[in-house]
Amino acid sequence: MDNNSAPDSLPRSETAVTYESPYPLYAMSFSSSTTHRIAVGSFLEDYNNRIDILSFDPDSMSVKPLPTLSFDHPYPPTKLMFSPPSLHRPSGDLLASSGDFLRLWEINDDSTTSEPLSVLNNSKTSEFCAPLTSFDWNDVEPKRLGTCSIDTTCTIWDVERSVVETQLIAHDKEVHDIAWGEARVFASVSADGSVRIFDLRDKEHSTIIYESPQPDTPLLRLAWNKQDLRYMATILMDSNKVVILDIRSPTMPVAELERHQGSVNAIAWAPQSCKHICSGGDDAQALIWELPTVAGPNGIDPMSVYSAGSEINQLQWSSSLPDWIGIAFANKMQLLRV
């Protein structure tokens with residue numbers, strides 16, 4: 001086989017780097033700074049969980065854990081996210097995690113310690129908290145971070161002052177994911193089967209741009225195309241489809257990507273290109289798609305296919321290293337060169 005023909009035909013060792021964890025992994029985030037750090041979160045059905053900080057060297061194709069920076073986390077983190085590059089921090093990376101509450105952690109540049117910075121809790125009763133399903137950090141206004149919860153709300157935090165800017169009842173059922181489009185515009189998806197767009201300048205109204213074809217089929221994830229804000233992608237529970245939406249033509253998807261052999265669990269747009277998206281699913285495959293200007297009658301085939309060892313639960317496309325995609329399956333995190 002000619003190794004120069006396509007990325008798919010390269011030997012696996014040249015295109016993938018694997019990190020094996022002592023426990024199952026779910027949450028994952030690439031640092032946007034030059035440290036090339038990666039945070040991974042354990043998924044243990046237990047109070048005691050763990051966030052490990054790894055160092056990735058793309059030149060030597062190696063991933064090393066940084067034990068002094070790793071720390072315990074209450075409950076499995078539902079999402080991890082390093083602060084956006086627009087938040088200039090001289091002292092090191094800031095990492096946010098969601099679970100029972102939104103938590104901020106300082107990951108120091110000298111690789112000696114990680115410090116808990118704040119626990120952001122908007123619960124009116126101290127006894128109970130509604131778990132957070134996800135969050136997104138606004139890269140245009142990096143002091144702003146939006147969380148979503150099983151209690152049907154989205155909460156917008158000012159993380160610099162640790163105060164709530166606003167809280168909205170966003171949906172009729174649990175909110176599963178949230179994504180920023182602009183400084184004051186975000187969208188969310190819910191178990192009620194809708195994608196809704198909100199503008200903080202008009203909090204009384206939201207725009208429904210998509211609803212599940214079968215009533216009450218939950219939508220699980222939402223990804224907004226940062227290179228072309230007209231497009232977003234969502235996935236449905238127990239479905240092999242990735243639904244591509246154009247917010248200018250609500251209700252009708254512009255494309256449905258249906259080549260997975262099992263449920264899709266994760267989606268990520270390419271950080272440097274407006275027409276590429278990656279999806280991972282229960283069929284243990286990560287598929288990279290190029291969206292055509294016009295979809296043909298037989299649907300769209302992926303431009304490349306990568307097979308993992310088992311069901312892919314998580315997928316992130318690095319913005320600081322756009323040639324690399326991270327996937328999580330079982331107790332492994334694998335970095336794929338694309």
Side-chain angles (χ1 to χ4, degrees), residues 7-8 10-31 36-46 49-56 58 61-65 70 73 75-82 97-99 133-134 176-177 220-221 223 233 235-242 257-270 276-289 302-318 321 323-338:
D8 303 66
L10 286 171
R12 177 175 290 204
S13 59
E14 287 181 33
T15 57
V17 185
T18 306
Y19 165 75
E20 201 159 330
S21 165
Y23 17 70
L25 297 176
Y26 177 66
M28 172 175 56
S29 178
F30 287 95
S31 166
H36 300 329
R37 289 186 183 138
I38 301 166
V40 290
S42 65
F43 192 84
L44 300 167
E45 293 185 20
D46 192 16
N49 273 260
R50 188 94 185 138
I51 292 175
D52 286 321
I53 307 296
L54 316 172
S55 163
F56 173 48
M61 302 270 293
S62 62
V63 175
K64 292 199 301 279
S70 301
H73 190 274
Y75 303 106
T78 52
K79 183 167 179 174
L80 293 172
M81 196 172 178
F82 281 100
S97 66
S98 54
T133 48
S134 187
H176 286 148
D177 205 3
L220 300 183
R221 289 284 165 260
I235 54 179
L236 297 85
M237 183 179 274
D238 300 329
S239 164
N240 73 329
K241 278 197 299 210
V242 179
L257 312 177
E258 305 184 74
R259 294 295 187 263
H260 277 283
Q261 306 298 309
S263 301
V264 182
N265 298 323
I267 43 176
W269 290 97
H276 293 93
I277 189 169
C278 185
S279 57
D282 280 353
D283 56 1
Q285 292 197 322
L287 306 180
I288 297 179
W289 313 79
M303 59 183 281
S304 61
V305 178
Y306 177 81
S307 295
S310 59
E311 293 95 340
I312 296 172
N313 298 314
Q314 181 64 264
L315 182 154
Q316 299 287 332
W317 201 323
S318 171
L321 295 166
D323 295 341
W324 293 91
I325 290 174
I327 57 173
F329 55 94
N331 67 327
K332 295 184 179 67
M333 191 251 337
Q334 206 157 54
L335 299 169
L336 314 175
R337 194 208 297 267
V338 295

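Source: prediction; values computed, not measured.
In Y75, the OH atom is not crowded: 12 or fewer heavy atoms of neighbouring residues, nucleotides or ligands sit closer than 6.0 Å.
Here the closest heavy-atom approach between residue W317 and residue A268 is recorded as CE3-O, 3.7 Å. Residue I312 comes nearest to A286 through the heavy atom pair CD1-N, 3.5 Å, listed as atom of the first residue, atom of the second, then distance. Taking every heavy atom of both residues into account, I53 and A39 meet most closely at CD1-CB, 3.9 Å. In terms of heavy atoms, S97 sits closest to P77 at CB-CB, 4.5 Å. Among all heavy-atom pairs drawn from A223 and W269, the shortest one is O-NE1, 3.0 Å. Scanning both residues, A330 and N313, for their nearest heavy atoms gives N-ND2, 4.2 Å.
From M81, atom CE reaches atom OG of S134 across 9.0 Å, with rounding to the nearest 0.5 Å. One distance of note links CG of L335 with CE of M61; it measures 8.5 Å at 0.5 Å rounding. How far CG of L257 is from CD1 of I267: 9.5 Å, rounded to the nearest 0.5 Å. If you take CD on Q334 and OG1 on T18, they are separated by 3.5 Å, rounding to the nearest 0.5 Å. To the nearest 0.5 Å, atoms OG1 (T15) and CG (L336) are separated by 7.0 Å. Note that CD of Q314 and CZ of F43 are 11.0 Å apart. Values are rounded to the nearest 0.5 Å.
Panel note: side chain S98, backbone K79; a donor-acceptor pair is recorded below 3.5 Å. A donor-acceptor pair is defined here as one N or O able to donate and one able to accept, closer than 3.5 Å; such a pair exists between the side chain of R221 and the backbone of H176.
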**OP:** Applying side-chain contact (heavy atoms from CB on, under 4.5 Å), run through M333 and S21 and close with a yes or a no.
**Re:** CA-CA 8 Å; M333 191 251 337; S21 165; over 6 Å; no
**OP:** Verify side-chain contact (heavy atoms from CB on, under 4.5 Å) between N49 and L44, making sure each step is shown before the conclusion.
**Re:** CA-CA 6 Å; N49 273 260; L44 300 167; 3.5 Å; yes
**OP:** Evaluate side-chain contact (heavy atoms from CB on, under 4.5 Å) for L315 paired with C278, printing each intermediate quantity in order.
**Re:** CA-CA 8 Å; L315 182 154; C278 185; 3.5 Å; yes
**OP:** Start with the C-alpha gap between L80 and M28, add the side-chain angles, then the distance that decides, and say whether side-chain contact (heavy atoms from CB on, under 4.5 Å) holds.
**Re:** CA-CA 6 Å; L80 293 172; M28 172 175 56; 5.9 Å; no
Subject >> Test side chain to side chain donor-acceptor pair (under 3.5 Å) applied to D52 and Y23, step by step >> reply: CA-CA 11 Å; D52 286 321; Y23 17 70; 2.9 Å; yes
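Inter-residue side-chain proximity for S263 and D238 is flagged as met; some heavy-atom pair is nearer than 4.5 Å. For the pair L321/F56, a side-chain contact is recorded, criterion being any heavy-atom separation below 4.5 Å from C-beta on. A heavy-atom distance below 4.5 Å is found between the side chains of I325 and I288.
Take K332 and apply the salt bridge (charged side-chain N to carboxylate O under 4.0 Å, His left out) test, not counting sequence neighbours, and it matches no residue. A search for salt bridge (charged side-chain N to carboxylate O under 4.0 Å, His left out) contacts involving D283 returns nothing, not counting sequence neighbours. Checked against salt bridge (charged side-chain N to carboxylate O under 4.0 Å, His left out), R259 has the following partners two or more places apart in sequence or in another chain: D301.
With ring centers used as reference points, F30 lies 6.0 Å or more from W324.
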